[in-house]
Amino acid sequence: MSEIIVMLKYGIRAIKGLFFPRARLSKKPDLQENSNTKCPTQNLQNEWIIDGKVYDLSPFLDSHPGGKHILSMNRGRDCTELFFMYHISSKNSIESFLSRLSQYYISDASPEQIASPFKWSGKHLAIYSDFKARVRRHFDDQAKVSSSSESELSECSRPGKASAARMLWYFTLGIALIFAHFYWFNGYWLSLPVLSLLHWVFSTDLLHNGTHYQLVRNPYINQALSLFGGLYHVPNIQWEMQHVISHHSYTNIYSLDVDLNHFLNNFRCAFQQKYWEIYTKWRYCIPAYILLTSVGQMDVWQTKGERNLHRAMVPFWSHLSGTAWYIYFTQLLWIFVLVPGALYYRFGMQHFFKAFLFLLLPRVGHGAFYYVFSQVSHIHTAALGGRHDDDDDAGGEEEDELQSESWIIHQIKSCVDYDVSSRTWNILSIGLNNQCIHHLCPSVHPCHFIALQREVLDPFCEDYNVKRRLFPNIYVALLSYFEHLALVNDSAKAKSHEE
């Protein structure tokens, strides 16, 4: 009974937070409670901060090759990391981009306006430029091979974007999803596991890869495909703030990466987060979170203010209006009202429980896929700056969430990879098994990851003496993940480690 009461309480909070999201912003994230770092106050309106300088990119919005949306979302904030990461696979040098920005220069940014914890000059810029050059050489070489090949399905026939073979794969999955929904809507139980898998490898793939602009070169087609994927998983605006901006820019930095804060009501992911006695019961909470993960990107029922820090760092959210607001509301309406209503209408109230299971079980299956493949990618002791038994280059006794002032090196050390040469796992994990390459080259489609990690990342790490967080398979990676949760949440170990 107590579990039912708790779920009802969380359900009421979820409805309030989803349909009245701005009210949640009245409670600012209290990062001082758990960290020495504050979420930066930027005091900007129509400007963008890139590498310590303030620019007015308003005249450039309509002519931006990557589309207007990604610039609009980052208006009024420090978007340095996004600027560098999304130009890493471009043919043009980063110096040419910085030079072009000079025509929009307003002033140097004040320390209070700068959010970037990384350095982008001197040796750190040289590291970035070297990695960028290696990525470009790889695609230039692949383009030459593609031009001499007769196969139009080659993965190098569309440099950096989804190959023709992968687009054919998406089309096949889309057809399968239509049939699966037909049988689901007509009450066939076997459609439930099929829907769970298809919504992971197809719907979530489109949402994830579309918002990273990986699928095609046209930014508006990417956005349209991601909106379609988001109809099952989560509204795009929430995903972009949380995943694209907060997580990819500041991976595993507690005060900036909201993905570390999903579970603070019941357990923590990093030593930097404040410890509570309730965290000793973390093992009992894992099944419930797996069940809820399918809608977990909207877990505004969480009472911890840190769970909403991504909204505080993106002014676009507080001024959400017009088309963006209607898209957000429509996706919420589709997920929580129209689809459930249609299913209950189809089954009839006499089959209320069956309709409930048909809504719930695909979510449970999808949630299991999402939880496993997302959490295993970063939540490990070494990837969070702590020392692991077989790790020689991790942090010392005191964990340091900023593992390097170089964004490139920090990303390599904060990501966990497994089965990196397997095409099967590349598809099943929607590319997340090669997390390191994905974070370094977020606009590159996963069909290129196997070649990139072998021909670019491995030689780069060897040249710079950087150790990758690499596991032989997902089973070993999962064991390491749960070992880390035990380390930071079991009272005896956690307290002694903090002391």
Chemist: Do the non-hydrogen side-chain atoms of Phe202 and Phe228 ever get within less than 4.5 Å of each other?
Modeler: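 The answer is yes, as the side chains (C-beta and beyond) meet within the 4.5 Å cut-off.
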
Chemist: Would you sort out whether Tyr86 and His212 count as a side-chain hydrogen bond (donor to acceptor under 3.5 Å, both in side chains), showing the intermediate values?
Modeler: CA-CA 9 Å; Tyr86 276 102; His212 281 302; 2.6 Å; yes

Chemist: Return the set of residues passing ring-ring contact (aromatic ring centres under 6.0 Å, His included) with Phe267 (not counting sequence neighbours), or none when no residue passes.
Modeler: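 So Phe267 forms a ring-ring contact (aromatic ring centres under 6.0 Å, His included) with Phe263, Tyr289.
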
Chemist: Would you check, one step at a time, whether the test ring pair (Phe, Tyr, Trp, His ring centres under 6.0 Å) holds for Tyr328 with Trp317?
Modeler: CA-CA 11 Å; Tyr328 172 76; Trp317 171 253; 5.4 Å; yes

Chemist: Would His181 and Trp184 satisfy ring pair (Phe, Tyr, Trp, His ring centres under 6.0 Å), going step by step from the backbone distance to the final call?
Modeler: CA-CA 5 Å; His181 271 108; Trp184 172 76; 5.7 Å; yes

Chemist: Using distance alone, with no hydrogens and no angle criterion, decide if Asp259 and Gln242 have a side-chain donor and acceptor under 3.5 Å apart.
Modeler: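 Yes, side-chain donor-acceptor contact under 3.5 Å.
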
Chemist: If the condition is salt bridge (charged side-chain N to carboxylate O under 4.0 Å, His left out), which residues does Asp417 pass it with, not counting sequence neighbours?
Modeler: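 So Asp417 forms a salt bridge (charged side-chain N to carboxylate O under 4.0 Å, His left out) with Arg468.
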
Chemist: Tell me, please, which residues at least two apart from His484 pass ring-ring contact (aromatic ring centres under 6.0 Å, His included).
Modeler: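 Applying ring-ring contact (aromatic ring centres under 6.0 Å, His included) to His484 gives none.
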
Chemist: Listed by chain and number, what are the ring-ring contact (aromatic ring centres under 6.0 Å, His included) partners of Tyr418, not counting sequence neighbours?
Modeler: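 Counting only residues at least two positions away or on another chain, Tyr418 forms no ring-ring contact (aromatic ring centres under 6.0 Å, His included).
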
Chemist: Distance alone, cut at 3.5 Å: any donor-acceptor contact between the side chains of His438 and His248?
Modeler: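 Yes - a donor-acceptor pair under 3.5 Å links their side chains.
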
Chemist: Do Arg77's NZ or CZ and the ring of Phe316 fall within the cation-pi criteria of under 6.0 Å and 45°?
Modeler: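 Judged by the rule (NZ or CZ under 6.0 Å from the ring centre, within 45° of its axis), Arg77 is not positioned above Phe316.
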
Chemist: Tell me, please, which residues at least two apart from Phe482 pass side chain to side chain contact (heavy atoms under 4.5 Å, CB included).
Modeler: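 Partners of Phe482 by the side chain to side chain contact (heavy atoms under 4.5 Å, CB included) criterion, ordered by chain and then number, come out as Trp282, Ile286, Leu478, Leu485.
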
Chemist: Under a 3.5 Å distance rule, please check whether Asn433 uses its side chain to pair with a backbone N or O of Asp419 as donor and acceptor.
Modeler: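 Answer holds: yes.
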
Chemist: Once side chain to side chain donor-acceptor pair (under 3.5 Å) is applied, do any residues pair with Thr204, and if so which ones, sequence neighbours excluded?
Modeler: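 Once residues adjacent in sequence are excluded, the partners of Thr204 under the side chain to side chain donor-acceptor pair (under 3.5 Å) criterion are His366.
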
Chemist: With sequence neighbours left out, what residues match Arg134 under side chain to side chain contact (heavy atoms under 4.5 Å, CB included)?
Modeler: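 Partners of Arg134 by the side chain to side chain contact (heavy atoms under 4.5 Å, CB included) criterion, ordered by chain and then number, come out as Asp130, Arg137, Val456, Pro459, Phe460, Asp463, Tyr464.
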
Chemist: Hey, can you pull the donor-acceptor pairs under 3.5 Å for the side chains in residues 340-358, sequence neighbours left out?
Modeler:
from	atom 1	to	atom 2	distance (Å)
Arg346	NH2	Asn186	OD1	2.9
Lys354	NZ	Gly187	O	3.2

Chemist: Kindly write out the residues that satisfy side chain to side chain contact (heavy atoms under 4.5 Å, CB included) with Ser63, not counting sequence neighbours, or none if the list is empty.
Modeler: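 For Ser63 the side chain to side chain contact (heavy atoms under 4.5 Å, CB included) partners, ignoring immediate neighbours, are Phe60.
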
Chemist: Do Leu309 and Ser246 have side chains that get closer than 4.5 Å, going by heavy atoms?
Modeler: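 The answer is yes, as the side chains (C-beta and beyond) meet within the 4.5 Å cut-off.
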
Chemist: Among all residues two or more places apart in sequence or in another chain, which pass the side chain to side chain donor-acceptor pair (under 3.5 Å) test with His439?
Modeler: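 Scan of His439 (side chain to side chain donor-acceptor pair (under 3.5 Å), adjacent residues dropped) gives His247, Thr251, His378, Gln411, Gln435.
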
Chemist: Within the supplied structure, the quantity of interest is the number of heavy atoms (other residues, nucleotides, ligands) at a distance under 6.0 Å from Ile175 CD1; does it exceed 12?
Modeler: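 More than 12 within 6.0 Å, yes.
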
Chemist: Which residues pass the ring-ring contact (aromatic ring centres under 6.0 Å, His included) test with Tyr183, not counting sequence neighbours?
Modeler: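 Scan of Tyr183 (ring-ring contact (aromatic ring centres under 6.0 Å, His included), adjacent residues dropped) gives Tyr188.
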
Chemist: Under the rule for side chain to side chain donor-acceptor pair (under 3.5 Å), what residues qualify as partners of Ser226, not counting sequence neighbours?
Modeler: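 Residues passing side chain to side chain donor-acceptor pair (under 3.5 Å) with Ser226: Asn236.
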
Chemist: Given Phe369 and His199, is the ring pair (Phe, Tyr, Trp, His ring centres under 6.0 Å) satisfied, shown in steps?
Modeler: CA-CA 10 Å; Phe369 283 118; His199 276 306; over 10 Å; no

Chemist: Consider only side-chain N and O atoms of Gln375 and His262, and report whether a donor and an acceptor are under 3.5 Å apart.
Modeler: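 There is no such pair between these side chains.
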
